[in-house]
2 protein chains.
Amino acid sequence: MARSTGKSEAVYERLKGDIESLRLRPGAKLSEVQLGEELGASRTPVREAIRRLAREGLVDFVPGEVARVAAISLGGVRALFDFRMLLEPRAAASVATAGAVDERVLAPFRELLERLEEFDESFRALDAAAQARSYQEFYEVTEGFDQAVIAACRNPYLARTIRDLRSETVRLRHLSHSGPRRMLTSLEEHRAMLKAIVQGDAQAAEAAGRHHLAQTLQALIDSLTGQDFAIGANIHLDVARQ
Amino acid sequence: MARSTGKSEAVYERLKGDIESLRLRPGAKLSEVQLGEELGASRTPVREAIRRLAREGLVDFVPGEVARVAAISLGGVRALFDFRMLLEPRAAASVATAGAVDERVLAPFRELLERLEEFDESFRALDAAAQARSYQEFYEVTEGFDQAVIAACRNPYLARTIRDLRSETVRLRHLSHSGPRRMLTSLEEHRAMLKAIVQGDAQAAEAAGRHHLAQTLQALIDSLTGQDFAIGANIHLDVARQ
DNA sequence: GCGCACATCTTTGTATACAGGTTAGCGGGG
DNA sequence: CCCCGCTAACCTGTATACAAAGATGTGCGC
(Lines give C-alpha, C1' and ligand atoms only; values in the text may rest on other atoms or scores of the structure.)
Protein backbone atom coordinates (compact mmCIF):
# COMPACT_ATOMS: atom_id res chain seq x y z
CA MET A 1 0.00 0.00 0.00
CA ALA A 2 3.13 1.98 0.28
CA ARG A 3 2.89 4.78 -2.25
CA SER A 4 -0.64 4.61 -3.55
CA THR A 5 -3.24 5.76 -1.04
CA GLY A 6 -1.59 8.63 0.79
CA LYS A 7 -3.97 8.77 3.71
CA SER A 8 -1.48 10.67 5.81
CA GLU A 9 -1.17 13.29 3.09
CA ALA A 10 -4.94 13.61 2.83
CA VAL A 11 -5.34 14.14 6.55
CA TYR A 12 -2.54 16.68 6.47
CA GLU A 13 -4.11 18.67 3.65
CA ARG A 14 -7.48 18.60 5.26
CA LEU A 15 -6.23 19.71 8.64
CA LYS A 16 -4.03 22.38 7.09
CA GLY A 17 -6.99 23.79 5.23
CA ASP A 18 -9.19 23.76 8.30
CA ILE A 19 -6.59 25.55 10.39
CA GLU A 20 -5.65 28.09 7.74
CA SER A 21 -9.28 28.95 7.16
CA LEU A 22 -9.83 29.27 10.91
CA ARG A 23 -12.54 26.64 10.79
CA LEU A 24 -10.38 25.15 13.52
CA ARG A 25 -9.83 28.02 15.93
CA PRO A 26 -6.57 28.77 17.71
CA GLY A 27 -6.29 26.70 20.85
CA ALA A 28 -8.71 24.02 19.71
CA LYS A 29 -7.73 20.57 20.88
CA LEU A 30 -6.49 18.14 18.25
CA SER A 31 -7.15 14.72 19.70
CA GLU A 32 -5.71 11.97 17.56
CA VAL A 33 -8.59 9.57 18.05
CA GLN A 34 -11.28 12.19 17.60
CA LEU A 35 -9.75 13.57 14.39
CA GLY A 36 -9.19 10.07 13.17
CA GLU A 37 -12.88 9.26 13.52
CA GLU A 38 -13.90 12.52 11.86
CA LEU A 39 -11.58 12.06 8.91
CA GLY A 40 -11.97 8.32 8.62
CA ALA A 41 -8.40 7.44 9.42
CA SER A 42 -6.59 5.71 12.24
CA ARG A 43 -4.31 7.41 14.70
CA THR A 44 -1.09 6.82 12.77
CA PRO A 45 -1.72 9.11 9.81
CA VAL A 46 -3.28 11.72 12.08
CA ARG A 47 -0.22 11.65 14.30
CA GLU A 48 2.04 12.18 11.35
CA ALA A 49 -0.03 15.05 10.01
CA ILE A 50 -0.02 16.75 13.38
CA ARG A 51 3.77 16.54 13.58
CA ARG A 52 4.11 18.05 10.12
CA LEU A 53 1.74 20.88 11.00
CA ALA A 54 3.65 21.49 14.21
CA ARG A 55 6.83 22.06 12.26
CA GLU A 56 5.01 24.54 10.04
CA GLY A 57 3.88 26.45 13.09
CA LEU A 58 0.18 25.71 12.67
CA VAL A 59 0.04 23.44 15.69
CA ASP A 60 1.40 23.84 19.19
CA PHE A 61 2.75 20.50 20.20
CA VAL A 62 4.27 19.36 23.48
CA PRO A 63 5.15 15.67 23.85
CA GLY A 64 2.65 13.89 26.03
CA GLU A 65 0.11 16.64 25.89
CA VAL A 66 -2.82 17.20 23.60
CA ALA A 67 -1.82 19.05 20.47
CA ARG A 68 -3.63 22.34 19.95
CA VAL A 69 -4.15 24.63 17.03
CA ALA A 70 -1.40 27.21 17.35
CA ALA A 71 -2.28 30.37 19.22
CA ILE A 72 -1.88 33.72 17.52
CA SER A 73 -0.07 36.51 19.30
CA LEU A 74 0.89 39.97 18.23
CA GLY A 75 4.47 39.24 19.19
CA GLY A 76 4.39 36.08 17.12
CA VAL A 77 3.08 37.94 14.11
CA ARG A 78 5.83 40.53 14.42
CA ALA A 79 8.46 37.82 14.74
CA LEU A 80 7.09 36.03 11.71
CA PHE A 81 7.21 39.14 9.58
CA ASP A 82 10.66 40.11 10.87
CA PHE A 83 11.88 36.74 9.75
CA ARG A 84 10.09 36.84 6.42
CA MET A 85 11.63 40.24 5.86
CA LEU A 86 15.02 38.67 6.18
CA LEU A 87 14.33 35.89 3.71
CA GLU A 88 11.86 36.91 1.04
CA PRO A 89 13.40 40.18 -0.16
CA ARG A 90 16.68 38.35 -0.46
CA ALA A 91 15.00 35.62 -2.49
CA ALA A 92 13.40 38.20 -4.76
CA ALA A 93 16.77 39.85 -5.27
CA SER A 94 18.42 36.56 -6.11
CA VAL A 95 15.69 35.82 -8.63
CA ALA A 96 16.30 39.20 -10.24
CA THR A 97 19.99 38.43 -10.48
CA ALA A 98 19.38 34.99 -11.90
CA GLY A 99 16.88 36.39 -14.39
CA ALA A 100 19.46 38.81 -15.75
CA VAL A 101 21.65 35.84 -16.67
CA ASP A 102 19.05 33.29 -17.70
CA GLU A 103 16.07 34.83 -19.44
CA ARG A 104 13.92 31.75 -18.94
CA VAL A 105 13.42 32.18 -15.21
CA LEU A 106 11.63 35.46 -15.93
CA ALA A 107 8.79 33.91 -17.94
CA PRO A 108 6.45 33.30 -14.99
CA PHE A 109 7.09 36.79 -13.67
CA ARG A 110 6.38 38.45 -17.02
CA GLU A 111 3.12 36.55 -17.11
CA LEU A 112 2.23 37.57 -13.57
CA LEU A 113 2.99 41.19 -14.36
CA GLU A 114 0.68 40.98 -17.35
CA ARG A 115 -2.09 39.44 -15.27
CA LEU A 116 -1.59 42.14 -12.69
CA GLU A 117 -1.92 44.95 -15.22
CA GLU A 118 -5.09 43.40 -16.61
CA PHE A 119 -6.52 43.04 -13.16
CA ASP A 120 -5.61 46.61 -12.31
CA GLU A 121 -7.44 47.98 -15.32
CA SER A 122 -10.62 46.00 -14.80
CA PHE A 123 -10.52 46.59 -11.04
CA ARG A 124 -10.58 50.36 -11.34
CA ALA A 125 -13.69 50.17 -13.47
CA LEU A 126 -15.69 48.32 -10.82
CA ASP A 127 -17.93 49.67 -8.09
CA ALA A 128 -17.05 49.02 -4.47
CA ALA A 129 -19.12 45.85 -4.13
CA ALA A 130 -17.61 44.28 -7.23
CA GLN A 131 -14.16 45.31 -6.07
CA ALA A 132 -14.71 43.41 -2.85
CA ARG A 133 -15.77 40.35 -4.83
CA SER A 134 -12.60 40.46 -6.94
CA TYR A 135 -10.54 39.72 -3.87
CA GLN A 136 -10.16 36.09 -4.83
CA GLU A 137 -8.73 36.95 -8.22
CA PHE A 138 -6.19 39.33 -6.74
CA TYR A 139 -5.28 36.78 -4.12
CA GLU A 140 -4.45 34.28 -6.82
CA VAL A 141 -1.99 36.68 -8.42
CA THR A 142 -0.22 37.45 -5.17
CA GLU A 143 -0.15 33.81 -4.18
CA GLY A 144 1.18 33.01 -7.64
CA PHE A 145 3.94 35.54 -7.10
CA ASP A 146 5.02 34.00 -3.82
CA GLN A 147 5.00 30.53 -5.33
CA ALA A 148 6.97 31.71 -8.36
CA VAL A 149 9.65 33.19 -6.14
CA ILE A 150 9.90 29.93 -4.22
CA ALA A 151 10.07 27.93 -7.43
CA ALA A 152 12.74 30.19 -8.91
CA CYS A 153 14.79 30.06 -5.75
CA ARG A 154 18.15 28.47 -6.44
CA ASN A 155 18.89 27.74 -2.82
CA PRO A 156 16.81 24.81 -1.58
CA TYR A 157 17.23 25.76 2.07
CA LEU A 158 15.91 29.24 1.42
CA ALA A 159 13.06 27.90 -0.69
CA ARG A 160 12.01 25.36 1.89
CA THR A 161 12.13 27.83 4.76
CA ILE A 162 10.04 30.37 2.89
CA ARG A 163 7.57 27.68 1.95
CA ASP A 164 7.28 26.51 5.54
CA LEU A 165 6.21 30.00 6.57
CA ARG A 166 3.40 30.19 4.05
CA SER A 167 0.82 28.26 6.07
CA GLU A 168 1.03 30.65 8.97
CA THR A 169 0.94 33.59 6.61
CA VAL A 170 -2.15 32.30 4.89
CA ARG A 171 -3.93 31.84 8.20
CA LEU A 172 -3.17 35.42 9.15
CA ARG A 173 -4.58 36.58 5.85
CA HIS A 174 -7.81 34.78 6.66
CA LEU A 175 -7.86 36.60 9.98
CA SER A 176 -7.54 40.12 8.66
CA HIS A 177 -9.83 40.83 5.69
CA SER A 178 -8.26 44.05 4.56
CA GLY A 179 -10.39 46.21 2.30
CA PRO A 180 -10.10 47.48 -1.27
CA ARG A 181 -7.81 50.32 -0.26
CA ARG A 182 -5.16 47.95 0.98
CA MET A 183 -5.75 45.86 -2.13
CA LEU A 184 -4.73 48.79 -4.29
CA THR A 185 -1.56 49.56 -2.38
CA SER A 186 -0.68 45.90 -2.32
CA LEU A 187 -1.22 45.80 -6.06
CA GLU A 188 1.20 48.68 -6.44
CA GLU A 189 3.76 46.92 -4.28
CA HIS A 190 3.50 43.76 -6.33
CA ARG A 191 3.91 45.74 -9.51
CA ALA A 192 7.09 47.24 -8.11
CA MET A 193 8.48 43.85 -7.16
CA LEU A 194 7.60 42.29 -10.50
CA LYS A 195 9.07 45.16 -12.47
CA ALA A 196 12.29 45.09 -10.51
CA ILE A 197 12.65 41.35 -11.04
CA VAL A 198 11.84 41.51 -14.75
CA GLN A 199 14.34 44.36 -15.17
CA GLY A 200 16.98 42.37 -13.32
CA ASP A 201 17.39 45.02 -10.67
CA ALA A 202 18.25 43.02 -7.58
CA GLN A 203 18.57 45.97 -5.25
CA ALA A 204 15.19 47.38 -6.27
CA ALA A 205 13.62 43.95 -5.92
CA GLU A 206 14.96 43.60 -2.40
CA ALA A 207 13.78 47.07 -1.42
CA ALA A 208 10.35 46.50 -2.95
CA GLY A 209 10.05 43.18 -1.15
CA ARG A 210 10.94 44.75 2.16
CA HIS A 211 8.49 47.56 1.63
CA HIS A 212 5.70 45.17 0.73
CA LEU A 213 6.20 43.10 3.84
CA ALA A 214 6.34 46.16 6.07
CA GLN A 215 3.10 47.45 4.58
CA THR A 216 1.43 44.07 4.86
CA LEU A 217 2.40 43.79 8.51
CA GLN A 218 1.07 47.26 9.23
CA ALA A 219 -2.22 46.56 7.50
CA LEU A 220 -2.48 43.29 9.39
CA ILE A 221 -1.90 44.97 12.74
CA ASP A 222 -4.38 47.73 11.94
CA SER A 223 -6.96 45.17 10.94
CA LEU A 224 -6.34 43.08 14.04
CA THR A 225 -6.38 45.89 16.58
CA GLY A 226 -9.57 47.18 14.96
CA GLN A 227 -11.31 43.91 15.65
CA ASP A 228 -12.91 42.73 18.84
CA PHE A 229 -9.94 40.61 19.75
CA ALA A 230 -8.25 41.11 23.06
CA ILE A 231 -4.68 41.94 22.19
CA GLY A 232 -2.06 42.84 24.75
CA ALA A 233 1.66 43.41 24.65
CA ASN A 234 2.50 39.88 23.66
CA ILE A 235 -0.78 38.43 24.75
CA HIS A 236 -2.47 35.76 22.76
CA LEU A 237 -5.47 36.36 20.64
CA ASP A 238 -8.68 34.86 21.93
CA VAL A 239 -8.39 31.18 22.13
CA ALA A 240 -11.03 28.52 21.84
CA ARG A 241 -10.34 26.19 24.71
CA GLN A 242 -12.94 23.91 23.21
CA MET B 1 3.85 6.49 29.70
CA ALA B 2 3.56 9.71 27.86
CA ARG B 3 6.33 11.96 29.05
CA SER B 4 8.53 9.69 31.11
CA THR B 5 10.34 7.19 28.92
CA GLY B 6 11.04 9.13 25.76
CA LYS B 7 11.96 6.19 23.56
CA SER B 8 11.39 8.21 20.44
CA GLU B 9 13.72 10.87 21.73
CA ALA B 10 16.36 8.30 22.59
CA VAL B 11 16.25 6.76 19.13
CA TYR B 12 16.43 10.22 17.61
CA GLU B 13 19.47 11.21 19.64
CA ARG B 14 21.23 7.96 18.91
CA LEU B 15 20.58 8.14 15.19
CA LYS B 16 21.53 11.79 15.05
CA GLY B 17 24.83 11.04 16.74
CA ASP B 18 25.56 8.13 14.44
CA ILE B 19 24.85 10.17 11.34
CA GLU B 20 26.72 13.27 12.50
CA SER B 21 29.76 11.23 13.38
CA LEU B 22 29.60 9.44 10.01
CA ARG B 23 29.31 6.07 11.72
CA LEU B 24 26.28 5.84 9.47
CA ARG B 25 27.62 6.75 6.04
CA PRO B 26 25.77 8.89 3.51
CA GLY B 27 23.41 6.77 1.49
CA ALA B 28 23.13 4.02 4.07
CA LYS B 29 19.67 2.49 4.21
CA LEU B 30 17.61 3.22 7.30
CA SER B 31 15.17 0.34 7.55
CA GLU B 32 12.61 0.86 10.27
CA VAL B 33 12.52 -2.73 11.44
CA GLN B 34 16.27 -3.20 11.33
CA LEU B 35 16.98 -0.02 13.28
CA GLY B 36 14.24 -0.92 15.71
CA GLU B 37 15.89 -4.26 16.47
CA GLU B 38 19.31 -2.67 16.83
CA LEU B 39 18.10 0.04 19.16
CA GLY B 40 15.57 -2.06 21.02
CA ALA B 41 12.52 -0.14 19.93
CA SER B 42 9.52 -0.82 17.77
CA ARG B 43 8.87 0.77 14.40
CA THR B 44 6.79 3.66 15.71
CA PRO B 45 9.53 5.59 17.55
CA VAL B 46 12.00 4.83 14.77
CA ARG B 47 9.59 6.18 12.20
CA GLU B 48 9.19 9.36 14.16
CA ALA B 49 12.91 9.83 14.63
CA ILE B 50 13.51 9.36 10.90
CA ARG B 51 10.93 12.02 10.07
CA ARG B 52 12.55 14.45 12.47
CA LEU B 53 15.98 13.79 11.03
CA ALA B 54 14.62 14.27 7.54
CA ARG B 55 13.45 17.74 8.42
CA GLU B 56 16.92 18.54 9.75
CA GLY B 57 18.45 17.44 6.48
CA LEU B 58 20.28 14.45 7.91
CA VAL B 59 18.04 11.93 6.15
CA ASP B 60 16.78 11.75 2.60
CA PHE B 61 13.21 10.64 2.79
CA VAL B 62 10.72 9.92 0.03
CA PRO B 63 7.32 8.53 1.03
CA GLY B 64 7.08 4.85 0.31
CA GLU B 65 10.79 4.41 -0.23
CA VAL B 66 13.53 3.38 2.15
CA ALA B 67 14.92 6.32 4.03
CA ARG B 68 18.63 6.87 3.54
CA VAL B 69 21.28 8.84 5.33
CA ALA B 70 21.45 12.13 3.43
CA ALA B 71 24.02 12.35 0.66
CA ILE B 72 26.63 15.07 0.74
CA SER B 73 27.25 17.16 -2.34
CA LEU B 74 29.49 20.11 -2.98
CA GLY B 75 26.49 22.03 -4.27
CA GLY B 76 24.59 21.18 -1.14
CA VAL B 77 27.41 22.38 1.07
CA ARG B 78 27.58 25.66 -0.82
CA ALA B 79 23.83 26.11 -0.54
CA LEU B 80 23.94 25.38 3.18
CA PHE B 81 26.63 27.97 3.80
CA ASP B 82 24.95 30.51 1.54
CA PHE B 83 21.88 30.15 3.67
CA ARG B 84 23.74 30.22 6.96
CA MET B 85 25.45 33.37 5.76
CA LEU B 86 22.07 34.97 5.43
CA LEU B 87 20.91 34.01 8.91
CA GLU B 88 23.77 33.79 11.36
CA PRO B 89 25.49 37.13 10.79
CA ARG B 90 22.13 38.77 11.15
CA ALA B 91 21.54 36.91 14.40
CA ALA B 92 24.95 37.98 15.70
CA ALA B 93 24.17 41.57 14.78
CA SER B 94 20.82 41.45 16.55
CA VAL B 95 22.49 40.04 19.65
CA ALA B 96 24.99 42.92 19.58
CA THR B 97 22.12 45.38 19.34
CA ALA B 98 20.20 43.72 22.15
CA GLY B 99 23.33 43.59 24.29
CA ALA B 100 23.79 47.34 23.99
CA VAL B 101 20.38 47.82 25.58
CA ASP B 102 20.31 44.97 28.06
CA GLU B 103 23.68 44.25 29.57
CA ARG B 104 22.62 40.81 30.82
CA VAL B 105 22.51 39.13 27.45
CA LEU B 106 26.23 39.79 27.11
CA ALA B 107 27.26 37.67 30.09
CA PRO B 108 27.69 34.39 28.20
CA PHE B 109 29.63 36.14 25.47
CA ARG B 110 31.99 37.81 27.92
CA GLU B 111 32.63 34.44 29.44
CA LEU B 112 33.24 32.85 26.05
CA LEU B 113 35.66 35.61 25.12
CA GLU B 114 37.54 34.99 28.34
CA ARG B 115 37.71 31.25 27.67
CA LEU B 116 38.89 31.98 24.18
CA GLU B 117 41.73 34.21 25.36
CA GLU B 118 42.82 31.58 27.85
CA PHE B 119 42.77 28.91 25.22
CA ASP B 120 44.71 31.10 22.82
CA GLU B 121 47.49 31.65 25.32
CA SER B 122 47.89 28.04 26.30
CA PHE B 123 47.53 26.89 22.71
CA ARG B 124 50.47 28.92 21.44
CA ALA B 125 52.72 27.33 24.03
CA LEU B 126 52.02 23.81 22.81
CA ASP B 127 53.92 21.71 20.29
CA ALA B 128 52.14 20.57 17.14
CA ALA B 129 50.97 17.23 18.55
CA ALA B 130 49.49 18.82 21.65
CA GLN B 131 47.86 21.47 19.51
CA ALA B 132 46.12 18.78 17.51
CA ARG B 133 44.87 17.19 20.73
CA SER B 134 43.43 20.47 21.92
CA TYR B 135 40.95 20.39 19.09
CA GLN B 136 38.16 19.18 21.34
CA GLU B 137 38.58 22.08 23.73
CA PHE B 138 38.49 24.62 20.94
CA TYR B 139 35.48 22.91 19.46
CA GLU B 140 33.62 23.35 22.72
CA VAL B 141 34.20 27.09 22.68
CA THR B 142 33.01 27.51 19.09
CA GLU B 143 30.02 25.28 19.70
CA GLY B 144 29.29 27.28 22.83
CA PHE B 145 29.35 30.43 20.77
CA ASP B 146 26.85 29.11 18.26
CA GLN B 147 24.56 27.92 21.03
CA ALA B 148 24.83 31.24 22.84
CA VAL B 149 23.80 33.11 19.71
CA ILE B 150 20.81 30.84 19.29
CA ALA B 151 19.85 31.24 22.94
CA ALA B 152 20.17 35.02 22.79
CA CYS B 153 18.15 35.20 19.60
CA ARG B 154 14.99 37.17 20.19
CA ASN B 155 13.23 35.89 17.10
CA PRO B 156 12.09 32.30 17.62
CA TYR B 157 11.81 31.62 13.90
CA LEU B 158 15.38 32.69 13.32
CA ALA B 159 16.58 30.72 16.32
CA ARG B 160 14.81 27.57 15.27
CA THR B 161 16.01 27.77 11.69
CA ILE B 162 19.62 28.28 12.74
CA ARG B 163 19.33 25.40 15.18
CA ASP B 164 17.92 23.13 12.51
CA LEU B 165 21.00 23.69 10.40
CA ARG B 166 23.40 22.69 13.13
CA SER B 167 23.15 18.93 12.62
CA GLU B 168 24.24 19.16 9.02
CA THR B 169 26.99 21.57 9.95
CA VAL B 170 28.30 19.27 12.64
CA ARG B 171 28.39 16.35 10.23
CA LEU B 172 30.44 18.39 7.77
CA ARG B 173 32.86 19.24 10.52
CA HIS B 174 33.35 15.54 11.17
CA LEU B 175 34.08 15.12 7.49
CA SER B 176 36.81 17.71 7.17
CA HIS B 177 39.38 17.60 10.00
CA SER B 178 41.05 20.91 9.35
CA GLY B 179 44.46 21.37 10.93
CA PRO B 180 45.95 23.70 13.55
CA ARG B 181 46.46 26.47 11.02
CA ARG B 182 42.75 26.72 10.37
CA MET B 183 42.16 26.47 14.09
CA LEU B 184 44.18 29.63 14.63
CA THR B 185 42.39 31.64 11.95
CA SER B 186 39.06 30.38 13.23
CA LEU B 187 40.06 31.45 16.72
CA GLU B 188 40.81 34.91 15.39
CA GLU B 189 37.45 35.04 13.66
CA HIS B 190 35.63 34.05 16.83
CA ARG B 191 37.52 36.67 18.76
CA ALA B 192 36.38 39.28 16.27
CA MET B 193 32.75 38.17 16.51
CA LEU B 194 32.81 38.07 20.30
CA LYS B 195 34.45 41.48 20.61
CA ALA B 196 31.97 43.06 18.23
CA ILE B 197 29.04 41.60 20.16
CA VAL B 198 30.42 42.61 23.55
CA GLN B 199 31.07 46.13 22.27
CA GLY B 200 27.55 46.32 20.90
CA ASP B 201 28.78 46.95 17.37
CA ALA B 202 26.09 45.28 15.25
CA GLN B 203 27.64 46.09 11.92
CA ALA B 204 31.01 44.70 12.93
CA ALA B 205 29.35 41.60 14.34
CA GLU B 206 27.55 40.99 11.08
CA ALA B 207 30.69 41.50 9.04
CA ALA B 208 32.73 39.25 11.31
CA GLY B 209 30.07 36.58 11.13
CA ARG B 210 30.03 36.69 7.37
CA HIS B 211 33.77 36.53 7.20
CA HIS B 212 33.92 33.56 9.53
CA LEU B 213 31.41 31.59 7.50
CA ALA B 214 33.18 32.38 4.24
CA GLN B 215 36.49 31.21 5.69
CA THR B 216 34.92 28.09 7.15
CA LEU B 217 33.37 27.18 3.82
CA GLN B 218 36.67 27.70 2.03
CA ALA B 219 38.54 25.55 4.52
CA LEU B 220 35.87 22.89 4.21
CA ILE B 221 36.09 22.84 0.44
CA ASP B 222 39.88 22.73 0.54
CA SER B 223 39.77 19.87 2.97
CA LEU B 224 37.19 17.98 0.94
CA THR B 225 38.80 18.38 -2.46
CA GLY B 226 42.09 17.32 -0.91
CA GLN B 227 40.58 14.01 0.15
CA ASP B 228 40.07 10.90 -1.89
CA PHE B 229 36.43 11.64 -2.41
CA ALA B 230 35.07 11.84 -5.90
CA ILE B 231 33.61 15.31 -6.20
CA GLY B 232 32.12 16.66 -9.37
CA ALA B 233 30.21 19.79 -10.28
CA ASN B 234 27.25 18.98 -8.12
CA ILE B 235 28.00 15.32 -7.81
CA HIS B 236 27.47 13.51 -4.59
CA LEU B 237 30.23 12.40 -2.39
CA ASP B 238 30.84 8.68 -2.29
CA VAL B 239 27.84 6.93 -1.00
CA ALA B 240 27.53 3.71 0.86
CA ARG B 241 24.76 1.82 -0.89
CA GLN B 242 24.99 -0.70 1.90
C1' DG C 1 25.54 -17.40 -22.34
C1' DC C 2 21.89 -13.96 -22.02
C1' DG C 3 17.38 -12.16 -21.04
C1' DC C 4 12.88 -12.30 -19.22
C1' DA C 5 9.24 -13.79 -16.09
C1' DC C 6 7.77 -15.29 -11.86
C1' DA C 7 7.93 -16.09 -7.03
C1' DT C 8 9.67 -14.51 -2.69
C1' DC C 9 11.11 -11.42 0.55
C1' DT C 10 11.72 -7.03 2.35
C1' DT C 11 9.80 -2.63 3.39
C1' DT C 12 6.51 0.86 4.06
C1' DG C 13 1.55 2.46 5.14
C1' DT C 14 -2.21 1.77 8.09
C1' DA C 15 -4.97 -0.20 11.77
C1' DT C 16 -5.45 -1.68 16.35
C1' DA C 17 -4.22 -3.21 21.22
C1' DC C 18 -2.21 -2.20 25.62
C1' DA C 19 0.13 0.54 29.33
C1' DG C 20 0.68 4.43 31.84
C1' DG C 21 0.23 9.81 32.27
C1' DT C 22 -2.57 13.91 32.17
C1' DT C 23 -6.34 16.57 32.79
C1' DA C 24 -10.70 17.89 34.08
C1' DG C 25 -14.60 17.53 36.84
C1' DC C 26 -16.59 16.77 41.30
C1' DG C 27 -17.06 16.64 46.10
C1' DG C 28 -15.52 17.68 50.71
C1' DG C 29 -13.21 20.66 53.93
C1' DG C 30 -11.58 25.15 55.60
C1' DC D 1 -17.39 31.07 48.98
C1' DC D 2 -13.08 29.40 47.61
C1' DC D 3 -9.47 26.03 47.49
C1' DC D 4 -7.63 21.50 47.56
C1' DG D 5 -7.48 16.61 46.74
C1' DC D 6 -9.33 12.60 44.60
C1' DT D 7 -11.32 9.97 41.02
C1' DA D 8 -12.39 8.83 36.50
C1' DA D 9 -12.37 9.55 31.71
C1' DC D 10 -9.38 10.74 28.07
C1' DC D 11 -5.26 10.84 25.58
C1' DT D 12 -0.67 9.94 24.20
C1' DG D 13 3.47 6.67 23.67
C1' DT D 14 4.71 2.24 22.23
C1' DA D 15 4.14 -2.32 20.40
C1' DT D 16 2.32 -5.38 17.14
C1' DA D 17 -0.61 -7.18 13.22
C1' DC D 18 -1.98 -7.04 8.47
C1' DA D 19 -2.05 -5.59 3.50
C1' DA D 20 0.01 -3.92 -0.59
C1' DA D 21 3.85 -2.33 -3.37
C1' DG D 22 8.79 -2.68 -4.75
C1' DA D 23 13.08 -4.86 -5.03
C1' DT D 24 15.57 -8.96 -5.59
C1' DG D 25 17.10 -13.06 -7.06
C1' DT D 26 16.48 -17.35 -9.33
C1' DG D 27 15.30 -20.45 -12.81
C1' DC D 28 13.62 -21.37 -17.21
C1' DG D 29 13.52 -20.58 -22.13
C1' DC D 30 15.87 -19.12 -26.15
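Note that these values count all heavy atoms, side chains included, but never hydrogens, waters or copies made by symmetry. Naming convention: chains lettered A, B, ... in sequence-line order (proteins, then strands); numbering from 1 in each chain.
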Quick check for you: among C:dT23, C:dA24, C:dT14, whose closest atom lies nearest to any side-chain atom of A:R68?
C:dA24
Of the candidates D:dC11, D:dT14, C:dG13, the side chain of B:S8 sits closest to D:dT14
Answer with yes or no whether the side chains of A:R182 and A:T216 bring together a donor and an acceptor at under 3.5 Å.
yes
Nearest-Å distance, [atom1] ([X]) to [atom2] ([N])?
X     : N      : atom1 : atom2 : result
B:E65 : C:dT12 : CD    : C1'   : 11 Å
B:K7  : C:dG20 : NZ    : P     : 13 Å
A:E32 : D:dT14 : CD    : P     : 11 Å
B:L30 : C:dT10 : CG    : C1'   : 15 Å

Counterpart residues, salt bridge (charged side-chain N to carboxylate O under 4.0 Å, His left out), relative to A:R173 (two or more places apart)
A:E143
Residue set satisfying salt bridge (charged side-chain N to carboxylate O under 4.0 Å, His left out) with A:D60, at least two apart, ordered chain then number -> none
Keeping to residues at least two apart or across chains, list the ring-ring contact (aromatic ring centres under 6.0 Å, His included) pairs with something in [range].
range                       : value
residues 7-30 of chain B    : none
residues 41-88 of chain B   : none
residues 138-167 of chain A : A:F119-A:F138, A:F145-A:H190

So, is A:K29 close to the D:dC11 phosphate, meaning a side-chain N or O under 4.0 Å from OP1 or OP2?
no
Taking the nucleotide of DNA chain C with the closest heavy atom to each, which residue, A:V66 or B:A67, is nearer the 5' end?
B:A67
Any residue in residues 35-52 of chain A with a heavy atom nearer than 4.0 angstrom to DNA chain D? Just list them by number, or reply none.
A:R43, A:R47, A:R51
